[in-house]
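Quick note on labels: first sequence line is chain A, next is B, and so on, each numbered from 1.
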Amino acid sequence: MFKAIVGASTFQDALDSVSVLVDECKIRLNEEELSIRAVDPANVGMVDLTLEAAAFESYEADGGVIGVNLARLEDIAGMANSGDLIHLELDEETRKLHIEIDGLSYTLALIDPDSIRQEPDIPDLDLASEIVVEGAQLDRGIKAADMVSDHIRLRVDETDEAFFIEAEGDTDDVNLKLDREDLIALTAGPADSLFSLDYLKDMNKAIPSDAEVTVELGEEFPVKLHYGFAEGLGNVTFMLAPRIQSD
Amino acid sequence: MFKAIVGASTFQDALDSVSVLVDECKIRLNEEELSIRAVDPANVGMVDLTLEAAAFESYEADGGVIGVNLARLEDIAGMANSGDLIHLELDEETRKLHIEIDGLSYTLALIDPDSIRQEPDIPDLDLASEIVVEGAQLDRGIKAADMVSDHIRLRVDETDEAFFIEAEGDTDDVNLKLDREDLIALTAGPADSLFSLDYLKDMNKAIPSDAEVTVELGEEFPVKLHYGFAEGLGNVTFMLAPRIQSD
Amino acid sequence: MFKAIVGASTFQDALDSVSVLVDECKIRLNEEELSIRAVDPANVGMVDLTLEAAAFESYEADGGVIGVNLARLEDIAGMANSGDLIHLELDEETRKLHIEIDGLSYTLALIDPDSIRQEPDIPDLDLASEIVVEGAQLDRGIKAADMVSDHIRLRVDETDEAFFIEAEGDTDDVNLKLDREDLIALTAGPADSLFSLDYLKDMNKAIPSDAEVTVELGEEFPVKLHYGFAEGLGNVTFMLAPRIQSD
C-alpha cells in the first residue's frame with residue numbers, strides 16, 4: 001500500500017540524485033520515509049537517498065518495495081511545473097504506479113524488484129577529514145579538472161588548513177585551493193585520494209549549486225558526499241571508490 | 001499584381017502553420033485575402049490558412065497564384081525583429097518576389113505553381129463534438145502521449161462531459177482529462193478517434209500556447225483543429241485523417 | 001618576465017578576436033602592450049590585436065614572446081565570471097603560464113613559438129572608402145548573405161552615398177543598403193570587392209554587436225575591419241583578402 005502527494009521539485013530532486021548513477025532502482029516505501037539505495041554497474045559509485053514522510057504533502061506506506069525505470073519516471077515528473085503537486089498511488093494488483101499531475105494521469109508499469117541489481121550496503125567509514133563546501137565550489141573544481149584529466153584528486157592540507165581539488169594532465173595542471181574562509185566548515189586530518197572524474201561529474205549534476213555538501217575524505221579511501229534538499233527532509237549520500245594513485 | 005506590407009509576427013505565424021506540413025506551397029493572392037491550402041505527401045494532414053487583407057498594413061492583389069519554398073521564405077521572415085514590417089512585392093515579369101525588411105532586400109525566385117502538389121479540398125464534415133481548448137492544454141496532452149506511443153486517441157465522454165487525450169503504450173498509459181472547467185467550451189456528442197502522433201505533434205508546433213483551439217471530433221473520423229491569430233484576421237484549419245482503431 | 005592581472009571580459013574579448021582565425025598563436029608581451037598577429041592557414045584572413053598595459057589592472061612585461069593553444073586558454077578564461085580578475089604569470093624556467101582565478105590555479109604548458117606559423121605583416125593599404133558601421137548592422141548583412149551564397153560583396157555607391165552588403169545565389173539575391181543615416185560615418189570612394197563568406201562569418205563572431213566597426217574598402221582589394229574594446233584600450237584589425245569577381 002502506497003499513496004502520496006509530493007511537490008514536483010522535491011520529487012524531481014530526489015529522482016535526479018539516483019538517475020545520475022543507475023537506470024533502474026528499487027524504491028523502498030517505508031512507513032516513515034521513501035528510500036533508495038543503488039550502485040552503478042561497475043560498483044564504483046553508490047547513492048543512498050531518503051525522503052522523509054514530512055517532505056510530502058501526504059504520505060501513506062507500509063514497507064513495500066517497487067522497481068522503477070528512472071528515466072521514465074523522471075520524464076513524467078518533468079511534465080509537472082515547479083509549483084504542481086504529483087499524486088502517486090500504487091496498484092498492488094496490477095503492479096502499476098498511478099501518477100497524476102493536474103488532470104494528467106500516467107500509469108507506469110513497474111519492474112520486478114528481484115530483477116534489479118541488489119542494493120548496496122553503504123559502509124560506515126571513519127574518514128579523517130570532513131569538509132563542508134558549497135555545491136558551486138565543488139562544481140568549479142570539477143569543471144576545471146575536466147579540462148586536463150580523467151581523474152581528480154581531493155586532498156586536505158592540515159598545515160594550510162585547506163581543501164584542494166586537483167588534476168594533472170599530460171601537459172597542464174589545475175588546482176583549486178579552498179581555505180577556511182572559502183569553506184563552510186573544515187575538520188582537517190590526513191586525507192588524499194584520487195577519483196574517476198566521470199563519476200564525480202555525474203554526481204555533481206545532481207548536487208544543487210547552493211547545497212551545503214559535506215565531504216568525508218581519507219587516505220586512498222572512498223569519498224562520501226552528503227547533502228540535503230527539500231528543507232532538510234531529503235538526504236542524499238554519494239559514495240565513490242578511489243582510484244589507486246600510481247607514482 | 002501583388003504588393004503588401006505586413007507585421008513580421010503575423011507573417012511568421014501564417015507561414016509556420018503551413019511549413020509544419022509541407023516544404024512548398026501555392027499562395028493565392030486574392031483581392032480580399034491571402035490564402036494557402038496544402039496537404040502533406042501522404043495525404044494524411046491538411047492545412048487551410050487565410051490571412052485577411054485587414055491583417056496587413058497595406059494589401060493590393062488581384063487573384064494571382066505564386067509557388068514558394070516555405071523554408072526559404074521563413075528564413076527571410078526570420079531576419080525581421082518582431083516589431084519590423086515586411087514589404088512584399090511580386091515582379092510579374094521575372095516571377096520573383098521582392099521582400100524588404102528595414103533596408104534589407106531579398107529577391108526570392110518563385111516555383112512554378114503547376115509543379116506543386118494540388119491543393120486539397122477540405123471537406124465539410126458534420127462532427128458530433130466540438131471542444132474549445134487552450135493551445136497549452138493540447139500541448140500538454142500531446143507531450144504526455146509522446147512518452148508512451150506513436151498514436152494518440154482523442155475522445156469525448158458525454159456522461160462525464162469531458163474531453164480525453166489518451167495514449168496506450170506497450171506497458172504504460174497516459175490520459176489527460178479536461179472537463180468543462182478546464183475547457184473554454186464543450187459541445188459533447190459521440191466522438192472517439194485515433195490519430196498518428198507525428199502529425200499532431202507537427203501541427204501542435206504551429207499552434208500558439210495561448211490560442212483558443214476549436215477541435216471538431218467524431219467517431220473514427222478526421223479531426224479538425226481551428227485557431228485564429230493576428231487578432232482573428234488570420235485563420236488556420238488543420239485536418240488530420242484518423243488511424244483505424246484495431247482491437 | 002611577464003606578470004599581469006586583467007578583467008575576465010577584457011581578456012576573453014581579446015582571445016576571441018584571434019581564436020576565430022587560428023588555433024595557436026604567438027603572444028608578444030611588450031613593455032607597453034600585449035599584442036598578437038596571426039594569419040589563417042590559407043593566408044586569407046589576418047588579425048592584429050593590441051591590448052594596452054592600461055587595459056590591465058596591473059601589467060609587467062619585458063618583450064618576451066610565448067606560444068599558446070588558444071582554445072585551451074579560452075576554456076580557462078571561460079572559468080571566470082565576468083567580474084572576476086585573471087592573474088597571469090610566466091614561469092621562464094618551466095615555460096609554463098600560471099593562471100589564477102579566485103583560488104583556481106591553472107598551469108598551462110606553452111608551445112614553442114618557433115613551431116607556430118610566422119606572424120603576418122599587415123600591409124598599409126590606401127583604400128578609397130571608409131565606412132563606420134555598428135557591429136549589429138554588419139551581422140545582419142552577413143546573416144542575410146549566408147542564406148543565398150558562399151560569397152559576399154561589399155561596395156560603396158558614391159552617388160547614392162551608401163554602403164551595400166550583397167550576395168547573389170543561384171536563384172535568390174540579397175542586398176542590404178546602409179545609407180548615411182544608417183551609418184556612423186562614411187567617406188565614399190570607388191570601392192567594390194567580393195569576399196569569402198566563411199571568413200567574414202568567423203570574424204563577425206568576434207565583433208560585439210554594439211562595436212563601432214571601421215570598414216576600409218577598395219576595388220578588388222582586401223578589406224580591413226577595425227574595432228576597439230575594453231574602452232578603447234584594446235584594438236582589433238581584421239584583414240581579409242578578396243575573391244576575384246568573375247563575370
Between B:Gln137, B:Arg140, B:Lys143, which shows the greatest number of heavy-atom pairs under 4.5 Å with chain A? B:Arg140

Counting only heavy atoms not in [X] (residues, nucleotides, ligands), do more than 12 fall under 6.0 Å from its [atom1]?
{"X": "B:Asp150", "atom1": "CG", "result": "no"}
{"X": "B:Glu212", "atom1": "CD", "result": "no"}
{"X": "A:Asp62", "atom1": "CG", "result": "yes"}
{"X": "A:Glu52", "atom1": "CD", "result": "yes"}
{"X": "B:Glu231", "atom1": "CD", "result": "no"}
{"X": "A:Asp23", "atom1": "CG", "result": "no"}
{"X": "B:Asp124", "atom1": "CG", "result": "no"}

Residue by residue, scan residues 169-187 of chain B and write down, ordered by number, those that have a heavy-atom distance under 4.5 Å to chain A; if none do, write 'none'. B:Thr171, B:Asp172, B:Asp173, B:Val174, B:Asn175, B:Leu176, B:Lys177

Looking only at heavy atoms, the pair that brings A:Asp75 and B:Met147 closest together is CB-SD, 3.4 Å

Give me the atom names and distance for the closest heavy-atom approach of A:Arg72 to B:Val148. NH1-CG1, 3.7 Å

Based on non-hydrogen pairs under 4.5 Å, which of A:Ile101, A:Asp102, A:Leu108 is most in contact with chain B? A:Asp102

Please classify the contact between A:Ile76 and chain B as side chain, backbone, both or neither, with a heavy-atom cut-off of under 4.5 Å. both

